[in-house]
Amino acid sequence: MAKWALITGATSGIGWATSLALAGQGFSILATGRRQEKLQELEKEIKSKFPGVSVKLAQFDVSDRFEVSEFLNSHQTEISQVEVLVNNAGLAKGTDKMQESSLDDWETMIDTNIKGLLFMTRGVIEHMVRKNSGHVVNLGSVAGRWTYPGGGVYCATKFAVRALSEGLRMDLLGSKIRVTNIEPGMVSTEFSMVRFNDQAKADKVYEGMTPLQASDIAETIAWCVARPAHVNIQELVIYPTDQAHVGQVARHGKV
Ligand code: NDP
Ligand code: 8X3
């Protein structure tokens, strides 16, 4: 029977790189996101690098429970064989102070990072429980452990991801299903562009320092998945060497 890895937010960054890393481990890939043309590009890359690997694509919004439900219903065969669910789709919007922030931005972050993760998890784990195997990998963040100015709501969503990972582990205790929360620091992806909607501001985030690359996180996820079935890497904090803490970054070559 095929073993599927279902990756949300596979159209960019960590999700894209994780799809490739898990394809490299022989998983069939069910890649999801909202941008269909990016999904098709990803499929091309996976097939050229790993010709034997099956790839299926699904375009939907994880924050819309009806779209999620339609996706789950129309992919029952693959969903029932999902061995790895990577809840990666997520985003930050803005860094305004809470007293000045946009309610729309708050809603987008909460709906995507918390509700989207929950909708996906609920739909997949009932199958994992039935077959008594599986691995849920959540993309938390260092922002799920430490808060920074202007990041309150994004941080709250990632604190939630940490709590949900912990709670899920407790509820699944006694089963053979593993739950891992990956908590990266600064990773150079489309993340900052999405946050600021401004290329110059996004570039400034990584100025003078060496951030993590999406492939660094993807390799770590693939490593967690490849541990023997009795080993569950519960949580992993991964910073770039140039970052000691949220907001504490070494910038080189600056006057
Ligand atoms: P990117 O912006 O490069 O990728 C985010 C992905 O999420 C895209 O594929 C996007 O796809 C998808 N996505 C966003 N909203 C939705 C939605 N409503 N429905 C479906 N898919 C959605 O960022 P990263 O790769 O950096 O981020 C991946 C995860 O890692 C996020 O959860 C982020 O919070 C977390 N993270 C990132 C860090 C960083 O510094 N970059 C550090 C720590 C954690 P599309 O637009 O096609 O829908
Ligand atoms: C992304 C990392 O520090 O920008 O989760 O919040 S940070």
Side-chain angles (χ1 to χ4, degrees), residues 6-20 31-42 57-68 71 86-95 105 107-120 137-162 164-165 181-197 201-202 204-206 209-218 220-221 236-240 242-249:
L6 165 48
I7 300 104
T8 67
T11 57
S12 166
I14 296 169
W16 180 293
T18 302
S19 303
L20 285 165
T32 78
R34 289 168 304 179
R35 286 171 291 173
Q36 180 65 19
E37 71 288 355
K38 289 283 177 187
L39 288 173
Q40 281 162 346
E41 263 178 54
L42 172 65
L57 310 175
Q59 178 196 20
F60 64 93
D61 182 337
V62 293
S63 69
D64 183 324
R65 63 185 285 190
F66 299 102
E67 286 190 24
V68 172
F71 159 72
V86 185
N87 277 316
N88 165 77
L91 77 181
K93 282 281 182 194
T95 49
D105 287 351
E107 208 160 40
T108 302
M109 288 188 275
I110 291 166
D111 285 355
T112 311
N113 301 358
I114 304 178
K115 288 162 74 176
L117 178 142
L118 281 169
F119 298 153
M120 292 300 298
V137 179
N138 290 333
L139 262 295
S141 167
V142 293
R145 285 175 179 260
W146 301 284
T147 314
Y148 52 88
V153 174
Y154 176 67
C155 292
T157 67
K158 293 299 183 180
F159 271 71
V161 171
R162 190 163 173 227
L164 294 169
S165 304
N181 189 27
I182 301 286
E183 301 179 283
M186 294 162 75
V187 190
S188 175
T189 61
E190 292 178 12
F191 179 84
S192 293
M193 184 58 199
V194 170
R195 176 171 234 172
F196 296 114
N197 196 25
K201 279 188 185 168
K204 217 165 170 50
V205 172
Y206 311 109
M209 57 89 64
T210 307
L212 298 167
Q213 297 301 312
S215 57
D216 297 321
I217 304 305
T220 305
I221 292 170
L236 265 180
V237 172
I238 310 147
Y239 273 116
D242 279 343
Q243 187 180 14
H245 194 53
V246 285
Q248 198 185 357
V249 177

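Computation of the quantities below employed the complete heavy-atom set of this structure, encompassing side-chain atoms and omitting hydrogens, waters and symmetry-equivalent molecules. Atoms within a ligand are numbered from 1 in the order they appear, just like the ligands themselves. As the structure is a computational prediction, the values presented were derived from the model and not from experiment. The chain is numbered in sequence order, starting from 1.
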In the protein, which heavy atom is nearest to [atom], and how far is it?
atom: atom 29 (C) of ligand 1; answer: Asn88 O, 3.1 Å
atom: atom 24 (P) of ligand 1; answer: Thr189 OG1, 3.4 Å
atom: atom 18 (N) of ligand 1; answer: Asp61 OD1, 2.8 Å
atom: atom 11 (O) of ligand 1; answer: Thr11 OG1, 2.8 Å
atom: atom 43 (C) of ligand 1; answer: Pro184 O, 3.2 Å
atom: atom 4 (O) of ligand 1; answer: Ser12 OG, 3.7 Å
atom: atom 42 (C) of ligand 1; answer: Gly185 O, 3.0 Å
atom: atom 15 (N) of ligand 1; answer: Arg34 NH2, 3.2 Å
atom: atom 7 (S) of ligand 2; answer: Tyr148 OH, 3.6 Å

Query raised in the report: For Tyr154 and ligand 2, does the shortest N/O to N/O distance drop below 3.5 Å?
Result: yes
[X] vs [Y] side-chain heavy atoms within contact, under 4.5 Å:
X: Thr112; Y: Ser63; answer: yes
X: Phe71; Y: Glu67; answer: no
X: Leu117; Y: Thr157; answer: no
X: Leu91; Y: Arg195; answer: no
X: Leu42; Y: Thr11; answer: no
X: Asn113; Y: Tyr154; answer: yes

Tell me whether [X] reaches ligand 1 (any heavy atom closer than 4.0 angstrom to a ligand atom).
X: Pro211; value: no
X: Lys158; value: yes
X: Gly140; value: yes
X: Tyr154; value: yes

Query - Nearest-option assignment for atom 2 (O) of ligand 1, heavy atoms, candidates Phe60, Tyr206, Tyr239, Phe191 - result: Phe191
Requested in this report: Please work out which of Ala89, Gly90, Ala218 has its closest non-hydrogen atom nearest to atom 22 (C) of ligand 1.
Outcome: Ala89
Within the distance-only criterion (no hydrogens, no angle test), does the side chain of [X] pair as donor or acceptor with the backbone N or O of [Y] below 3.5 angstrom?
X: Lys158; Y: Leu139; result: yes
X: Tyr206; Y: Val187; result: yes
X: Thr220; Y: Asp216; result: yes
X: Thr95; Y: Gly150; result: no

For [X], take its heavy atoms, then give the atoms of ligand 2 lying under 4.0 Å from any of them.
X: Ser141; value: 1 (C), 2 (C), 5 (O)
X: Arg195; value: 4 (O)
X: Ala143; value: 6 (O)

Query raised in the report: Within a radius of less than 6.0 Å around CZ of Arg65, do more than 12 heavy atoms belonging to other residues, nucleotides or ligands occur?
Result: no
May I ask you to check if ligand 1 and [X] share an N or O to N or O distance below 3.5 Å?
X: Val194; result: no
X: Val187; result: yes
X: Ser141; result: no
X: Ile14; result: yes
X: Met186; result: no

Query - For Arg35, atoms of ligand 1 separated by under 4.0 Å from a heavy atom - result: 11 (O), 45 (P), 46 (O), 47 (O)
**Report entry** Gly13 neighbourhood, listing ligand 1 atoms whose heavy-atom distance to it stays under 4.0 Å
**Finding:** 3 (O), 25 (O)
Requested in this report: Take Asn181 and Asn138 through the test side-chain hydrogen bond (donor to acceptor under 3.5 Å, both in side chains) and record every step on the way to the result.
Outcome: CA-CA 5 Å; Asn181 189 27; Asn138 290 333; 5.4 Å; no
Requested in this report: Dump the intermediate steps for side chain to side chain contact (heavy atoms under 4.5 Å, CB included) on Val205 and Phe196, then the final yes or no.
Outcome: CA-CA 10 Å; Val205 172; Phe196 296 114; 3.7 Å; yes
**Report entry** Interatomic distance, Ser12 atom OG to Arg34 atom CZ [nearest 0.5 angstrom]
**Finding:** 10.5 Å
Query raised in the report: Does the ring center of Phe60 lie less than 6.0 Å from the ring center of Phe119?
Result: no
